[in-house]
Amino acid sequence: MELGLTTFAEVGSGGTGAVSPRQRLKDLLEEVVLAEQVGLDVYGVGEHHRADFAASAPAVVLSAAAARTSRIALTSAVTVLSSDDPVRVFEEFATLDLISDGRAEVMAGRGSFTESFPLFGYDLADYDELFVEKLGLLLALRDSETVNWSGRHRAALTDQSVYPRPERPLPIWVGVGGNPESVARAGLLGLPMALAIIGGQPARFAPLADLHRRAVSEGGHEPQPIAVHAHGYVADTEDRAVSEFYPSYAAAMTGLGRERGWAPMNPQAFDGLRGPGGSLVLGNPEQVAEKVVGMRDTLSIERFMLHPSVGPLPHDKVMRAIELLGTKVAPLVKQA
């Protein structure tokens with residue numbers, strides 16, 4: 001199973017721990033370099049258009065990472081395809097794939113935030129239709145050098161070619177948060193799927209993983225991998241993992257809760273999430289490995305991506321977590 005990391009280039013929302021976007025992006029590039037050095041397989045950067053995140057253009061960030069690395073796969077996590085132009089997405093990631101010698105991936109999703117829709121002139125009432133239509137165009141661009149296509153939300157393409165072309169079929173994943181229709185669609189199209197598990201119990205996602213595998217088979221495709229993206233943190237001891245991660249995580253989730261009507265994060269809820277059946281992958285290396293292996297066995301996944309930089313988590317803490325994930329957790333997972 002592949003192990004990797006994701007980030008949204010969190011800068012915090014002011015106060016203790018907040019950093020400038022310039023510094024956060026510099027730190028992010030150091031994190032990618034270290035991830036490769038300790039043997040991790042993939043690094044993902046998510047697209048957001050908010051003051052508390054610095055990565056509104058993942059392809060640009062990943063291109064900078066490509067120049068500093070040679071092996072690690074580089075993916076968006078996710079590209080908000082619904083409010084983007086598939087032609088431009090294909091051009092950007094085809095270029096990234098060439099720069100990186102075949103290490104680029106697109107993880108297409110509808111996004112968990114909606115700021116990009118008014119920003120780029122789209123109506124939220126078309127939320128689902130936009131994604132379906134644009135995913136179809138992105139796949140057409142991947143599969144054929146010359147495209148004939150028409151839809152409702154973009155000008156038609158008639159015998160139009162898009163360049164540059166990557167030297168291999170560009171990997172396209174679909175990122176989902178738990179919508180069965182999205183899961184089935186990804187499977188029927190023969191696309192790998194990434195499940196974002198950021199709350200609740202991972203075991204409850206097993207029916208979705210099974211649904212994806214059935215849909216892949218029904219669509220007549222070869223088996224496709226499933227990945228999990230989850231919040232978490234690894235430190236030398238369990239007590240240190242809790243004390244170092246909780247303040248940042250609680251600040252981020254409480255802030256998000258104010259926007260979405262959730263209760264503030266508290267130690268009791270946190271302990272439930274980091275318990276054996278919860279979604280937080282947190283603790284010492286042995287505990288983290290045990291939870292990753294549990295998700296692997298429960299969901300039959302081929303890739304796990306840890307998201308440690310939730311909120312204003314200090315850069316040195318993120319770097320230590322990456323080091324432990326690669327040097328301590330990964331060998332335990334492989335042994336299991």
Side-chain angles (χ1 to χ4, degrees), residues 1-8 35 39-46 72-79 105-112 171-180 182-187 191-216 223-234 241 245 249 253 272-283 285-310 321-322 324-326 329-330 332-334 336:
M1 182 176 65
E2 292 182 332
L3 285 178
L5 296 151
T6 58
T7 185
F8 300 155
L40 295 176
D41 300 295
V42 57
Y43 193 96
V45 177
I72 195 166
L74 302 168
T75 182
S76 56
V78 301
T79 293
E105 299 176 358
V106 179
M107 188 185 295
R110 296 184 295 180
S112 59
I172 297 174
W173 293 63
V174 173
V176 302
N179 183 293
S182 297
V183 170
R185 180 187 305 116
L191 298 176
M193 175 182 70
L195 286 167
I197 303 180
I198 58 173
Q201 298 175 324
R204 294 184 177 179
F205 287 77
L208 295 178
D210 291 339
L211 173 61
H212 179 263
R213 283 186 281 268
R214 291 198 309 271
V216 168
Q224 294 296 316
I226 297 175
V228 161
H229 151 97
H231 290 158
Y233 184 68
V234 55
F245 188 71
Y249 179 78
M253 300 309 287
L273 288 171
R274 72 182 183 91
S279 61
L280 271 180
V281 181
L282 180 141
E286 292 76 17
Q287 291 170 312
V288 169
E290 182 178 0
K291 206 154 198 184
V292 171
V293 170
M295 287 191 184
R296 182 198 66 190
D297 294 345
T298 300
L299 304 175
S300 297
I301 60 175
E302 287 79 16
R303 174 184 287 183
F304 177 82
M305 302 179 74
L306 185 72
H307 192 110
S309 55
V310 182
I322 293 171
L324 290 171
L325 185 65
V329 176
L332 291 172
V333 171
K334 291 177 181 177

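Excluded from the calculations below are hydrogen atoms, water molecules and symmetry mates; all remaining heavy atoms, backbone and side chain alike, are included. In this text, all values refer to a predicted model and were calculated from it rather than measured experimentally.
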Hey, does the side chain of [X] reach the backbone of [Y] with a donor-acceptor pair shorter than 3.5 angstrom?
X	Y	value
D41	G4	no
T6	A77	no
K291	G283	no

* Could you tell me which residues satisfy side-chain contact (heavy atoms from CB on, under 4.5 Å) with P180, sequence neighbours excluded, listed by chain and number? => L208, L211

* To do: Could you tell me which residues satisfy side-chain contact (heavy atoms from CB on, under 4.5 Å) with V234, sequence neighbours excluded, listed by chain and number?
  => P285, V288, A321, L324, L325, V329

What's the shortest heavy-atom distance between [X] and [Y], and which atoms?
X	Y	answer
M107	V174	CG-C, 4.5 Å
W173	A227	CZ3-CB, 3.6 Å
G178	F205	CA-CE2, 4.4 Å
P308	Y233	CB-CD1, 4.3 Å

* To do: Please identify each residue that fulfils ring-ring contact (aromatic ring centres under 6.0 Å, His included) with H229, with sequence neighbours left out.
  => H307

* Would you check, one step at a time, whether the test side-chain contact (heavy atoms from CB on, under 4.5 Å) holds for Q224 with L191? => CA-CA 6 Å; Q224 294 296 316; L191 298 176; 6.0 Å; no

Would you tabulate the side-chain donor-acceptor contacts of residues 192-203 under 3.5 Å, counting partners in other chains and residues two or more places apart, or write 'none'?
unit_1: Q201; atom_1: OE1; unit_2: R204; atom_2: NE; d: 3.1

* **Point-to-point distance, once rounded to the nearest 0.5 Å, from CZ of F245 to CG of L282** => 6.0 Å

* What is the distance from atom CE of M295 to atom CE of M1, rounded to the nearest 0.5 Å? -> 10.0 Å

Going by atom type alone, with no hydrogens or angles, which donor-acceptor pairs under 3.5 Å involve a side-chain atom of residues 298-305 and a protein atom two or more places apart or on another chain?
unit_1: T298; atom_1: OG1; unit_2: G294; atom_2: O; d: 2.8
unit_1: E302; atom_1: OE1; unit_2: I226; atom_2: N; d: 2.8
unit_1: R303; atom_1: NE; unit_2: E2; atom_2: OE1; d: 2.8
unit_1: R303; atom_1: NH1; unit_2: E105; atom_2: OE1; d: 3.0
unit_1: R303; atom_1: NH2; unit_2: E2; atom_2: OE1; d: 2.9
unit_1: R303; atom_1: NH2; unit_2: E105; atom_2: OE2; d: 3.1

* **Check: L40 and V42 side chains under 4.5 Å, non-hydrogen atoms** => no

* Asked: Is the H231 ring parallel, tilted or perpendicular to the Y249 ring (thresholds 30°, 60°)?
  -> perpendicular

* Asked: Yes or no on side-chain contact (heavy atoms from CB on, under 4.5 Å) for R274 and Q287, after CA distance, side-chain angles and deciding distance?
  -> CA-CA 10 Å; R274 72 182 183 91; Q287 291 170 312; 5.7 Å; no

* To do: Give the intermediate values and the outcome of side-chain contact (heavy atoms from CB on, under 4.5 Å) for residues V106 and T75.
  => CA-CA 6 Å; V106 179; T75 182; over 6 Å; no

* List in chain and number order the residues that pass salt bridge (Lys or Arg N to Asp or Glu O under 4.0 Å) with R110, two or more places apart in sequence or in another chain; answer none if no residue qualifies. => D128

